[in-house]
Amino acid sequence: MSDHPFYFTWTAQLKALRIEIEKSRDCYYLTTEGRKLYDLSSTSYQAAFGHSFSPIKKAIQSQLNSLPISSPKGVFELKQRATQKLIEYLNIPGKIFYTVSGAESIENALKMARQISGKEIILARKNSYHGASLGALSVTGDWRTKDHKSLSKWTKRIPDPQIDPNAEKLAQLIEKIGAQKIAAICLETFIGGNGVISAPLSWWRGLAKLKKKYGFFIILDEVVCGFGRTGKPFGFHHLPIKPDFICMAKIITGGYIPFGAVWTSKKIASYYKSNTLSCGLTNYAHPLGLSAMESVIDSLKTTQLQEQIKELSHGLETYKEKFEEIGVVKEVRVIGTLMAIDLKKNISFKRFIDEDILVALVGQRIIIAPPFTMRPSILKKLLKRIERLLKEDSHE
């Protein structure tokens, strides 16, 4: 049994990896041993502004001194202003429902889609992760859903877009299930932690035609890919698709405050003008979250940060070619500032810790997602360490 009074997530407690942290700065954690542990995964993809980004910190501190807590029914200037900025950043008219996490964003989108349509079935990919609550797990397809009894009886797995590039098999599945039973399809715009994978544009065009024909809702999960991670404000900005719901969290506040949001289309907003929105949270539209979100959006619009993101993306693209030449590497994919390195065998997480690097590692896959504020020279140095590590592994 662990000697800590708290749980470690996603692991048997006796096998939990422990990282003793004293403080954090810039884009690294400082361990109790005095080592800098560089955060090359933005912690859990949310710390895209590092650990000491002064604009976000100042925004939160200022809000603490004016309105630190509000009733969900409260109307105040920050709530109006920040929400309008979010809608403008999305560049698609609609309305925002606030949450405090990505899982809650998915949960509420599912609830609304089922309430409005009166239907139960949600279509989703097998290779997916949408959150750890029971409703979100029901549409999640990866290993994290297997130990829990969720609403999975209402979820139908679609053929993988990689083997269904024109969505023809998807059309057949819809006909088999019956469109009259399908409320929505829930999808990550670009699969993040499960591989940095994009569906073919032809598949998205096929999905748009099926939506028009059958009238189901499209729920887009932008929790990992939103707020600049793919090189555009949101993943759907790369795609020929018009969603009904967009689920957001993580980078929405840079991880400084737990926060999330669901964008809904004008059609959804119109329904709730006269029908009861039976969704809500204690910390709905929390002022500290709103202040952090506004700072994130303002910062992402600056030329300086846009150029920085481009440089980091270029750095990853450059190393993509280097990594692909290493014997232990099977495949490398890069989308914006997201990189997946698929290996031919397992590699120990401790190997990266010994190199003072924190990455996301699941089995034979490494995911890299550097903070936008990381200096390109630091990223290059860290990628060079990974290159050396993988070359050493190739010779073992």
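Between F349 and F352, the angle of the ring planes lies from 30° to 60°, which puts this pair in the tilted group. The aromatic rings of F323 and Y319 sit tilted relative to each other, their planes meeting at an angle between 30° and 60°.
Contact between C225 and L338 at its shortest, heavy atoms only, is SG-CD1, 4.1 Å. When all heavy atoms of S202 and N166 are compared, the closest pair comes out as CB-OD1, 3.6 Å. Contact record, Y45 with A360: OH-CB, 3.5 Å, taken as the closest heavy-atom pair. Heavy-atom minimum distance, M112 versus C279: CG-SG, 4.3 Å. The minimum heavy-atom distance between C27 and T373, with the atom names listed, is SG-OG1, 3.5 Å. Minimum heavy-atom separation, F236 to T189: N-CG2, 3.7 Å.
Between Q162 atom CD and N127 atom CG the span is 9.5 Å, to the nearest 0.5 Å. Here the straight-line distance linking atom CD of E294 with atom CG of L86 works out to 11.0 Å at 0.5 Å rounding. Interatomic distance, I56 CD1 to Y256 OH, rounded to the nearest 0.5 Å: 5.5 Å. Residue L37 holds its CG atom at 12.0 Å from CD of E20, rounded to the nearest 0.5 Å. Residue Y89 holds its OH atom at 11.0 Å from CD1 of I252, rounded to the nearest 0.5 Å.
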**Message:** Test salt bridge (charged side-chain N to carboxylate O under 4.0 Å, His left out) on D160 and K126; report intermediate values, then the result.
**Reply:** CA-CA 7 Å; D160 193 286; K126 175 66 175 173; over 6 Å; no
**Request:** Would you sort out whether E317 and K320 count as a salt bridge (charged side-chain N to carboxylate O under 4.0 Å, His left out), showing the intermediate values?
**Result:** CA-CA 5 Å; E317 284 287 356; K320 176 180 183 292; 5.6 Å; no
**E331/R333 under salt bridge (charged side-chain N to carboxylate O under 4.0 Å, His left out): CA gap, chis, key distance, verdict** = CA-CA 7 Å; E331 186 178 356; R333 294 173 298 279; 3.4 Å; yes
**Request:** Given salt bridge (charged side-chain N to carboxylate O under 4.0 Å, His left out), test E120 with K181 step by step and report yes or no.
**Result:** CA-CA 6 Å; E120 298 173 343; K181 299 177 183 178; over 6 Å; no
**Audit row: Y284, T99, side chain to side chain donor-acceptor pair (under 3.5 Å) steps and yes/no** = CA-CA 6 Å; Y284 180 85; T99 70; over 6 Å; no
**Asked** Is there a side chain to side chain donor-acceptor pair (under 3.5 Å) between D39 and H51 once you walk through the steps?
**Response** CA-CA 9 Å; D39 188 3; H51 302 263; 3.0 Å; yes
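For L30, the side-chain contact (heavy atoms from CB on, under 4.5 Å) criterion is met by K23, K36, not counting sequence neighbours.
Annotation for K301: atom NZ counts as buried by contact number, over 12 foreign heavy atoms lying within 6.0 Å. Atom NZ of K209 has 12 or fewer neighbouring heavy atoms from other residues, nucleotides or ligands inside a 6.0 Å radius. More than 12 heavy atoms of other residues, nucleotides or ligands shown are found within 6.0 angstrom of NZ on K85. Heavy-atom contacts from other residues, nucleotides or ligands closer than 6.0 Å to NZ of K79 number more than 12. Heavy atoms from other residues, nucleotides or ligands lying under 6.0 Å from CZ of R375 number 12 at most. For I69, the CD1 atom is loosely surrounded, since the number of other residues' heavy atoms within 6.0 Å does not exceed 12.
Under the 3.5 Å distance criterion, the side-chain polar atoms of T253 are matched with a main-chain donor or acceptor of I257. Within the 3.5 Å criterion, the main-chain N or O of P55 finds a donor-acceptor partner in the side chain of S295. In this structure a side-chain-to-backbone donor-acceptor pair under 3.5 Å is missing from E355 to L389.
The side chain to side chain donor-acceptor pair (under 3.5 Å) with H130 is formed by just one residue from the set T140, D221, D142; it is D221.
With hydrogens and angles left out, the side-chain atoms of T337 and R229 include a donor and acceptor closer than 3.5 Å.
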